[in-house]
Amino acid sequence: MGHTPGMRRRRSDPPLVAAARRGGVTDRRILAALAAVPRERFVPPLHRAEADLDRPIPITEGQTTSQPSLIALMLSALELTGEEKVLEIGTGYGYQAALLAHLAAEVHTIERFPRLASRARENLAACGLDRVHVAVGDGTRGLPEHAPFDAVVIAAAAAEVPPVLAEQVVEGGRVVAPVGSTGHQDVVVYAVRDGQLVPVRHLTGARFVPLVPEDDAED
Ligand code: SAH
């Protein structure tokens, strides 16, 4: 097999950087963010020993922190330069938000469980990343008070991207989201064109926890 630059593995790569490279991520800013964020701070203490493994890890409230190489692939599809204002829907323990803090100028994230949002705030603050804005609420409504965003990443699965996001993302901005049924989703990259969300490409298959609108919540 020939050498593919993106697949090249450096001896000094931290495990999650190596995993992201294997998953096809070549963007140096993403790889640097993965190296900079200690994932063990963003998983429950019981699971700390697994933090360097490229696997999803259960958090509280029956939720899951996603597989790091998948997060890296989704974030690379946002093509961030560092100037952007970004929204993440589905904060969990804050790992992806921490990566975003290294990749964008302004990061907003919204989580429906107040206890997860406060845990994420603590985890982010412990890493000196307290400029991330963590909101509690229903992300299917976006975050109109801080719109417009240059990019949005959704970390939970739905049958479709909440249409209201088209109004909260700038023209030419991107949305990356897992779309499909409960058991399997396609991670799709969208661009906003003439005020509409237009699918641009299919990134990969995935299995995310569901995006639950407020009306459906039973807690
Ligand atoms: N981004 C996280 C992944 C968290 S899992 C990480 O870095 O690992 C997805 C999260 O989405 C869960 O915490 C879940 O509670 C949250 N979620 C589900 N539906 C939501 C909604 N309508 N609004 C906001 N958050 C939601």
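One-based numbering, in listed order, for ligands and for the atoms of each. Bear in mind the structure is a predicted one, so any value in this text is a computation, not a measurement.
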Numbered atoms and elements of ligand 1 in range of [X], under 4.0 angstrom, heavy atoms:
X      : value
Phe113 : 15 (O)
Gly139 : 21 (C), 22 (N), 23 (N), 24 (C)
Gln96  : 1 (N), 7 (O)
Thr65  : 6 (C), 8 (O)
Ile110 : 24 (C), 25 (N)
Leu116 : 13 (O)

If you have a sec, work out which protein heavy atom is nearest [atom] and how many Å separate them, to one decimal?
atom                    : result
atom 19 (N) of ligand 1 : Val212 N, 2.9 Å
atom 18 (C) of ligand 1 : Pro210 O, 3.4 Å
atom 16 (C) of ligand 1 : Glu111 OE1, 3.4 Å
atom 9 (C) of ligand 1  : Ala155 O, 3.3 Å
atom 12 (C) of ligand 1 : Gln63 OE1, 3.3 Å

Heavy atoms only: which of [options] lies closest to [atom]?
atom                    : options               : answer
atom 1 (N) of ligand 1  : Pro68, Gly90, Gly92   : Gly90
atom 26 (C) of ligand 1 : Arg115, Arg39, Arg112 : Arg112
atom 3 (C) of ligand 1  : Ser66, Pro213, Gly142 : Ser66

Is there a side-chain contact between [X] and [Y], using heavy atoms and a 4.5 Å cut-off?
X      : Y      : result
Ile59  : Leu116 : yes
Val187 : His202 : no
Arg174 : Val189 : yes
Leu165 : Phe149 : no
Leu80  : Leu75  : no
Phe42  : Thr65  : no
Glu50  : Val43  : no
Leu100 : Glu88  : yes

Side-chain (Arg131) to main-chain (Ala105) donor-acceptor, under 3.5 angstrom: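 Side chain of Arg131 to backbone of Ala105, a donor-acceptor pair under 3.5 Å: yes, one is there.
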Counting only heavy atoms, which portion of [X] has something under 4.0 Å from ligand 1: side chain, backbone, both, or neither?
X      : value
Thr64  : backbone
Glu88  : side chain
Val209 : side chain

Heavy atom of Gly137, distance to ligand 1 below 4.0 Å: yes
Whether Gly94 lies under 4.0 Å from ligand 1, heavy atom: no
Distance, nearest 0.5 Å, that separates OG of Ser66 from CG of Leu73: 12.5 Å
Note: Asp52-Arg39 ion pair, threshold 4.0 Å (strictly below):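 Answer for the salt bridge query: no.
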Asp27 and Ser76 side chains, donor-acceptor separation under 3.5 Å: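 No, no side-chain donor-acceptor contact under 3.5 Å.
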